[in-house]
Amino acid sequence: MVCGGFACSKNALCALNVVYMLVGLLLIGVAAWGKGLGLVSSIHIIGGVIAVGVFLLLIAVAGLVGAVNHHQVLLFFYMIILGLVFIFQFGISCSCLAINRSKQTDVINASWWVMSNKTRDELERSFDCCGLFNFTTLYQQDYDFCTAICKSKSPTCQMCGEKFLKHSDEALKILGGVGLFFSFTEILGVWLAMRFRNQKDPRANPSAFL
């Protein structure tokens with residue numbers, strides 16, 4: 001069977017959709033990891049990435065079913081929706097990579113001071129840090145009431161803001177890089193689906209081909 005044949009196109013489309021399923025799970029997992037910080041959840045892009053991951057996972061399942069069964073209608077909607085996912089994922093990925101540390105600092109700082117004292121205390125103990133950023137006027141007050149373990153081990157504790165920035169920066173770079181790289185493979189998915197949809201199944205009745 002030549003590479004451009006029915007079986008080759010079917011296998012390539014199935015393999016590509018399996019990759020999309022793994023990418024969708026990866027995006028959801030990394031976004032959930034970033035969202036688990038609490039402060040990072042205020043960056044709405046994280047929610048957008050989770051939505052893209054879930055949507056990509058569902059579309060990949062539909063594409064896999066359509067490829068296995070050579071379902072004309074399912075493949076048609078798969079092409080259309082995958083093209084829309086490409087546009088949305090490309091924009092979200094660029095946004096993740098475009099957020100600099102200054103913007104992240106502003107978001108974290110704004111979120112920190114609207115939290116309850118209990119939530120801040122839990123974050124300080126969880127990340128073993130005290131206070132947010134040293135340039136805040138309330139830093140010393142925050143540090144005095146800090147109950148993190150590091151306070152009893154050394155004269156000074158690492159600021160929570162630095163740990164939060166490192167955490168959010170890693171999450172956004174992974175999400176942006178993975179999303180941007182695989183968004184271009186979705187163009188290949190649309191092309192493969194279009195090609196496969198117009199091919200005849202050699203095992204089927206030729207008169208039954210749409």
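Just so it is clear, the values below take in all heavy atoms, side chains as well, and ignore hydrogens, waters and symmetry mates.
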Is the side chain of His70 donor-acceptor paired with the backbone N or O of Phe196 at a distance under 3.5 Å, no angle test?
-> yes
Going hydrophobic residue to hydrophobic residue with side-chain gaps under 4.5 angstrom, can you get from Leu56 over to Phe86?
-> no
Is there side-chain contact between Leu75 and Leu13, with at least one heavy-atom pair below 4.5 Å?
-> yes
Note: Asp128 and Ile149 closest approach over all heavy atoms is OD1-N, 3.3 Å
Could you state the interatomic distance from CG (Leu22) to CG (Leu26), rounded to the nearest 0.5 Å?
-> 8.5 Å
From CG (Leu58) to OH (Tyr20), nearest 0.5 Å = 15.5 Å
Between Phe184 and Leu188, is any pair of side-chain heavy atoms under 4.5 Å apart?
-> no
What are the two closest heavy atoms between Val68 and Cys14, and how far apart are they?
-> CG2-SG, 4.0 Å
First locate atom CE of Met159, then atom SG of Cys129, and finally report the distance between them rounded to the nearest 0.5 Å.
-> 10.0 Å
Side chain Ser183, main chain Phe90, donor-acceptor under 3.5 Å = no
Val19 and Thr185, any side-chain heavy atoms less than 4.5 Å apart = no
Point-to-point distance, once rounded to the nearest 0.5 Å, from CG of Leu97 to CD1 of Ile92 | 11.5 Å
Are Phe55 and Leu84 joined in one hydrophobic group, where the rule is that I, L, V, M, F, W and Y side chains link up if heavy atoms are under 4.5 Å apart?
-> no
Joint cluster assignment, Val23 & Leu180, ILVMFWY side-chain distance < 4.5 Å = no
Between the main-chain N or O of Leu64 and the side-chain N or O of Tyr78, is there a donor-acceptor pair closer than 3.5 Å?
-> no
Distance (rounded to the nearest 0.5 Å) between Met79 CE and Ile59 CD1 = 12.5 Å
Report yes if some heavy atom in the side chain of Val61 is under 4.5 Å from a heavy atom in the side chain of Met21; otherwise report no.
-> yes
Which distance, rounded to the nearest 0.5 Å, do you find between the CG of Leu192 and the SG of Cys8?
-> 8.5 Å
Residues which pass salt bridge (Lys or Arg N to Asp or Glu O under 4.0 Å) with Asp169, listed by chain and number, not counting sequence neighbours | Lys173
